[in-house]
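Worksheet: the structure to be examined is printed underneath.
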Amino acid sequence: MLRNLILLLAGIAFILAYKPELRVRLYARESWISSVFLSENSTRGLESIHLRLKNRHNVEYFGNISIGTPKQNFTVIFDTGSSNTWFPSSHCPKSNLACQMHRRYDSSRSSSYIPDGRNFTLWYGAGNVHGYLSQDTVHFAGAKLQGLIFGETLIQQNFEFHSVTFDGLVGLSLGVLAWKNSTPFLKLLCSQNLVEKCIFSVYLQQASANESKGGEIIFGGFDESRFKGNLHFVPITNSNYWKLKISEVFVNSKKISGETDALLDTGTTQILMPQKTYDNLLKLLPFEMEGGNYILSCQSKIMPEVKLVIGGKSFYLTPDDYLVEANYGKRNGCITNFAPIKQNFWVLGDIFLWRYYTVFDATAKRIGLAEAVIDTN
Ligand SMILES: *[C@@H]1O[C@H](CO)[C@@H](O)[C@H](O)[C@H]1NC(C)=O
Ligand SMILES: *[C@@H]1O[C@H](CO)[C@@H](O)[C@H](O)[C@H]1NC(C)=O
Ligand SMILES: *[C@@H]1O[C@H](CO)[C@@H](O)[C@H](O)[C@H]1NC(C)=O
Ligand SMILES: *[C@@H]1O[C@H](CO)[C@@H](O)[C@H](O)[C@H]1NC(C)=O
Ligand SMILES: *[C@@H]1O[C@H](CO)[C@@H](O)[C@H](O)[C@H]1NC(C)=O
């Protein structure tokens with residue numbers, strides 16, 4: 001009898017302690033902008049890169065989230081490169097078409113709204129986002145996250161916000177330049193014990209020419225069916241960023257970079273690297289000359305693999321990963337989804353995340369990587 005009771009109590013304790021993983025389905029859509037959110041200068045000090053060519057491999061990945069009571073629905077980008085969260089405000093001026101074209105948060109319709117009112121501006125290389133802070137409950141994947149301080153945006157300047165599908169942005173970084181007296185999304189989620197482990201994992205499917213698939217972000221766990229072999233964990237190099245150390249980079253057998261930091265950034269499509277490294281890389285890619293222009297071949301057979309050595313393990317990017325068809329006026333050719341930045345670190349964007357399933361572990365301050373299973377359905 002006593003034994004049964006103990007078993008029963010243990011069972012109840014288990015049920016109470018058990019927290020499901022929170023799975024958020026991600027949708028993908030082609031985008032004309034390559035890396036809008038790369039470049040919050042106050043946060044990351046980066047410059048924005050705009051590809052002038054039509055680039056079908058620019059993709060935005062977004063998921064559903066709701067705010068307030070009753071719920072107001074939005075689509076958001078989950079950005080591992082920044083810490084702050086924002087949504088368009090119902091108070092944005094009528095003259096702001098970009099804002100009017102998206103869903104807007106209306107605090108007067110939410111019983112769980114708590115005013116804050118501080119102004120904020122977030123600077124991105126391609127423009128800025130300005131508004132004021134508010135606090136409310138966020139619902140996603142069946143979880144209820146209370147008291148998130150987020151930005152209600154009144155103005156989104158210059159970064160082609162009208163052309164993007166998503167309404168807002170959720171910053172999943174570790175607190176890099178988070179607003180004062182506010183707890184960023186991930187930290188808040190973990191502090192309210194809504195997940196068993198303070199981790200999340202990212203799975204992004206590569207967008208094909210005609211179809212953009214999507215992906216999944218799991219808070220509190222990861223999905224072993226999405227990757228091959230074991231996760232390879234490496235420590236993060238800065239407690240505020242999802243940055244790891246690359247020890248060397250090779251193109252064929254030629255070394256183009258020694259030790260460097262790299263930011264894992266879901267909010268960027270491309271792979272960015274310091275100008276000098278980029279110059280080294282370009283020298284090793286075969287070009288064709290046409291009418292005085294250098295044109296990159298789309299024949300992946302003749303293009304090299306790029307090898308990144310991370311924590312003693314090699315991670316490859318193949319021409320199929322980095323080549324993008326482009327129109328050079330009269331003829332077609334390819335460009336790469338590599339680009340230079342005026343920084344001394346790399347940014348590994350979606351191109352890298354297509355190939356490698358990624359686990360972001362906030363407790364152990366480490367990042368786990370494993371080759372993603374390519375879903376051919
Ligand atoms: C960010 O850039 C804007 C203009 O591009 C500048 O006015 C602002 O001071 C910068 N912020 C920081 C923190 O560097
Ligand atoms: C996300 O929201 C859209 C409507 O905005 C809906 O059609 C879709 O089913 C939602 N997806 C999930 C996974 O809830
Ligand atoms: C918000 O999304 C939820 C879940 O996807 C859905 O059940 C609900 O009807 C949506 N509400 C509105 C106002 O669209
Ligand atoms: C906040 O921004 C608004 C414009 O959006 C401005 O009118 C107001 O003066 C600002 N308040 C403070 C305290 O800076
Ligand atoms: C993609 O579209 C092109 C034409 O736009 C077509 O030739 C090709 O078969 C399509 N591929 C797939 C996988 O649907």
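For reference, positions follow the sequence shown, starting with 1. We count ligands from 1, going down the list as the structure has it; atoms in each ligand are counted the same way.
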Per-atom contact, atom 4 (C) of ligand 2, protein heavy atoms, under 4.0 angstrom: no
Atom 1 (C) of ligand 3 - nearest protein heavy atom and its distance: Asn73 ND2, 1.6 Å
Salt bridge present between Arg104 and Asp167 (N-O < 4.0 angstrom): no
Flag: protein heavy atom within less than 4.0 Å of atom 9 (O) of ligand 4: no
Check: Ser201 side chain, Gly221 main-chain N or O, donor-acceptor pair, under 3.5 Å: yes
Any Arg103 heavy atom less than 4.0 Å from ligand 2: yes
For ligand 2, the portion of Tyr27 having any non-hydrogen atom under 4.0 Å away: side chain
cation_pi(Lys307, Phe315) dist<6.0 Å, angle<=45: no
Check: Tyr356 main-chain N/O paired with Thr358 side-chain donor or acceptor under 3.5 Å: yes
N or O pair under 3.5 Å between Arg25 and ligand 2: no
Under-4.0 Å salt bridge between Glu371 and Lys228: yes
4.0 Å heavy-atom contact, His130 with ligand 4: yes
Backbone N/O of Asp116 and side chain of Arg118: donor-acceptor pair under 3.5 Å: no
Arg366 to Phe233, cation-pi by 6.0 Å centre distance and 45° axis angle: yes
Contact (N/O only, under 3.5 Å) between Asn64 and ligand 3: no
Option of least heavy-atom distance to atom 6 (C) of ligand 4 (set: Thr121, Leu154, Ile155, Asn119): Asn119
